[in-house]
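Remember, it's a predicted structure, so these values are computed and weren't measured experimentally.
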Amino acid sequence: MVDHHPAPPGGGPLVTGSEIARLAGVTRAAVSNWRRRYEDFPAPAGGGANSPLFDLAAVQAWLDKQRKGQDVSAEVQLWQALRAAYGDDMIGGLADVAQLFAGAEDEAPEGLPTDAIRLARQLGDSGSPGDLVSALTERFTDSVRRAGSDQVTSRRIVNAVRHFAGEVRGDTTLFDPACGIGTLLLAVGPEAGPQRCGQEVDTRSARFAQLRADLTGRTGVDIRTGDSLRNDHWPNLKADLVVCDPPVGATDWGREDLLLDPRWELGTPSRAEAELAWLQHAYAHTAPGGRVLMVMPASVAYRKAGRRIRAELVRRGLLTDIIALPPGSAVSHALPVHLWHLRRPQSPDDAVARVRMVDLTANDPDGPLEPEPDQTADVPLIELLDDTVDLTPGRHVEESHRDYATEYRALRQEMAEQVSLLADLLPTLTGGDGPSALDGPSVSVADLARAGLVEYGDPEPVSVSDQLDTDYLQGFLRSAANTRRSTSASGTYRLDGKGARIPQMDIAEQRRYGAAFRALQEFEERVRRVAELGKQASALARDGLGNGALAPGD
């Protein structure tokens, strides 16, 4: 079943790329590949750049022309053959397909089945090996995305890194120390020109990344296999731009073997802070004036274990931006991730004085990445260097756009109104002319309950009779004599409603006492409110005077 979208005036129904895939019996990746490979594929008739819509009639005519209606395409057959032969090791299968075109014409990788070789050569002859490898890579990343794995960098993360990296010159040296299958390293910057260096611990991924680069015509790409933290294959490299989406949550990253490593110039990371080890490794490979764009879990911005390293990063003026991306940007979870943007100063005077905080967590993950004015804040370094060094963008963006003056005026006005009402609420009381009311005739609350005059409420008993005033009842329950009776040996207070006693008075006298107790209760509540307002106003005034949002009046 394909859901048709509203048609433009005078046009037929529109469909998405996913709906085209269902019509054709292929994956969404195959449709994306058709759009790139075939010039006659129908152009978008609506929607946006990230979610185009296509005219259904034009798509059906194109599918009929290509005979792709319900036939299983050769590309899908190849994918199915690879899945059957390699199972979960699809990266190995993709690398073997790429090797088929990169090696000698009469040689084929040993693990590649015969039917996969035939289909791959057929597709390579009808298009180009580079296009085929790109299509298979897109199919793989799409399947990984739907499976919820963090095996590859998501398309949304790639788009964000490219956006915030800005224009990358053709003579740039790019480096990715955890490059995987080359997703970020090959996507950032122009296809031709940059020198791209990478390292990846997984042999299959590193091999496939290099073959991808070679088959798609990218020159100057050198990807090496190995653990970047334990065995750095690029010890002398100084890159203009380092991009990285490092492994998340790893504790066995080699800390014990690397305690004295010179890369930890901001501090030795704890076992739980592998991400800060990757960050410093990336920074160590950055040339003067060069930059780092690192994908980070949001928790790295505030975790206690990384506080000292974050403080040193801020204090030295190396951190230029932190961008909180929308939930859903990462592959494996819906939690937001951050992009940390660092720059190595060219001289001591070249360090930054402020950090730009960007909070995009309210945005659609496929929406625009350029922030609105109220989503950014330029925060002075001194304001970040408190006891926690919390670098969460949302916290600082919210504070930056806070209207201190209006908020302080409102607090001050409410406090003045509350204080003016206090004296009026405190009841007028005169000296008593006898012993304690409870020293005279009294009755237990338990007896009142048995007589049907009281019910045990939460937290205090209440009157259910017009012969007993509830304020009178509860007022005497809080009296000193009953409070002492309700206080345990440990000093804690727990009202014993059943054992408490109240004086016996007629209903008119009860109401006089009840009115006084009610006024006292309102007085106590207002005193608590005044105290709360006082704390809020004091904290707001102190912060506002300190950050320049408020100034002393005349």
Distance in Å, E398 CD paired with D374 CG, rounded so as to fall on 0.5 Å steps: 11.5 Å
Is it true that a side-chain atom of S463 and a backbone atom of L468 form a donor plus acceptor pair closer than 3.5 Å? yes
Can you establish whether the number of heavy atoms outside E167 located under 6.0 Å from its atom CD is more than 12? no
Given 3.5 Å as the limit, does a donor-acceptor pair link the side chain of R316 with the main chain of A351, or not? no
Taking the side chain from R291 and the backbone from A165, do they hold a donor-acceptor pair closer than 3.5 Å? yes
After noting the C-alpha distance and the side-chain angles of D506 and R512, does the key distance pass the salt bridge (Lys or Arg N to Asp or Glu O under 4.0 Å) rule? CA-CA 10 Å; D506 62 42; R512 286 183 63 233; over 6 Å; no
Classify the ring geometry of F517 against Y513: parallel below 30°, tilted from 30° to 60°, perpendicular beyond 60°. tilted
Looking at V443 and D447, what are the two nearest heavy atoms and their distance? CG2-CB, 3.9 Å
Tell me whether W340 contacts the main-chain N or O of I323 through its side chain, where contact means a donor paired with an acceptor under 3.5 Å. no
Does the side chain of V352 come within less than 4.5 Å of L319's, by heavy atoms? no
After noting the C-alpha distance and the side-chain angles of I382 and L384, does the key distance pass the side chain to side chain contact (heavy atoms under 4.5 Å, CB included) rule? CA-CA 5 Å; I382 190 64; L384 299 172; over 6 Å; no
Would you tell me whether S347 and D349 have side-chain atoms, one donor and one acceptor, within less than 3.5 Å of each other? no
I'd like to know if the side chain of S442 pairs up with that of R501 as donor and acceptor (distance under 3.5 Å, no hydrogens or angles considered). yes
Using a distance-only test with no angle check, is there a side-chain donor-acceptor pair under 3.5 angstrom linking Q418 and R526? yes
Derivation and outcome, side chain to side chain contact (heavy atoms under 4.5 Å, CB included), residues L339 and M294: CA-CA 6 Å; L339 283 183; M294 179 78 67; over 6 Å; no
Within this structure, what is the CG-CG distance for the pair D469 and L473, rounded to the nearest 0.5 Å? 8.5 Å
Closer than 4.0 angstrom, basic N to acidic O: yes or no for E532 and K535? no
Side-chain heavy-atom pair L520, L426 within 4.5 angstrom cut-off: yes
With a 4.5 Å cut-off on side-chain heavy atoms, are P44 and L53 touching? no
Value rounded to 0.5 Å, distance of CZ in R255 from CD in E273: 11.0 Å
For M296, run the side chain to side chain contact (heavy atoms under 4.5 Å, CB included) check against V337, L279, I322 and tell me which one passes. L279
Does one side chain, of T392 or D390, offer a donor that lies under 3.5 Å from an acceptor on the other? yes
Is it true that a side-chain atom of W253 and a backbone atom of R271 form a donor plus acceptor pair closer than 3.5 Å? yes
Is the backbone of G267 close enough, under 3.5 Å, to the side chain of Q280 for a donor and an acceptor to pair up by distance? yes
Which heavy atom in R310 sits nearest to a heavy atom in R303, and how many Å separate them? NH1-O, 2.7 Å
Do the non-hydrogen side-chain atoms of V158 and H163 ever get within less than 4.5 Å of each other? no
Does CG belonging to L259 count more than 12 external heavy atoms closer than 6.0 Å? yes
Please report the C-alpha distance between M415 and L411 in whole Å, then the side-chain angles of each, then the deciding distance to 0.1 Å, and finally whether the side chain to side chain contact (heavy atoms under 4.5 Å, CB included) criterion is met. CA-CA 6 Å; M415 188 170 178; L411 279 172; over 6 Å; no
Salt bridge (Lys or Arg N to Asp or Glu O under 4.0 Å) for D350 and R343? Distances and angles first, verdict last. CA-CA 10 Å; D350 191 32; R343 180 178 175 275; 2.7 Å; yes
Would a 4.5 Å heavy-atom cut-off, applied to side chains only, mark P269 and W278 as touching? no
Which atom names give the shortest non-hydrogen contact between D471 and G514, and what distance separates them? CB-O, 3.4 Å
Roughly how far, to the nearest 0.5 Å, is OG1 of T470 from CG of L477? 10.5 Å
Minimum heavy-atom distance R162-A187, with the two atoms named: NE-O, 3.3 Å
Is there side-chain contact between L448 and I502, with at least one heavy-atom pair below 4.5 Å? yes
In terms of heavy-atom contacts, V464 and V454 come closest through CG2-N, 3.8 Å
Between E383 and H396, do the side chains contain an N or O donor and an N or O acceptor separated by less than 3.5 Å? no
What are the two closest non-hydrogen atoms of D378 and R354, and how far apart are they? O-NH1, 3.0 Å
Give a yes or no answer on whether the side chain of R307 reaches the backbone of Y302 with a donor-acceptor pair at less than 3.5 Å. no
Flag for Q375-N363: side-chain donor and acceptor within less than 3.5 Å: yes
Under the criterion side chain to side chain contact (heavy atoms under 4.5 Å, CB included), I'd like the reasoning laid out for L318 against L266: C-alpha separation, chi angles, the key distance, then a yes or no. CA-CA 10 Å; L318 312 181; L266 304 175; 3.9 Å; yes
Distance (rounded to the nearest 0.5 Å) between D359 CG and L325 CG: 10.0 Å
Is the backbone of T286 close enough, under 3.5 Å, to the side chain of R344 for a donor and an acceptor to pair up by distance? yes
For residues T16 and I20, determine if any side-chain heavy atom of one lies less than 4.5 Å from a side-chain heavy atom of the other. no
Judged by atom type as modelled, is there a donor-acceptor pair below 3.5 Å linking the side chain of S228 to the main-chain atoms of P177? yes
Does the side chain of E265 reach to within under 4.5 Å of the side chain of Y283, using non-hydrogen atoms? yes
Roughly how far, to the nearest 0.5 Å, is the OG atom of S154 from the CG atom of N159? 8.0 Å
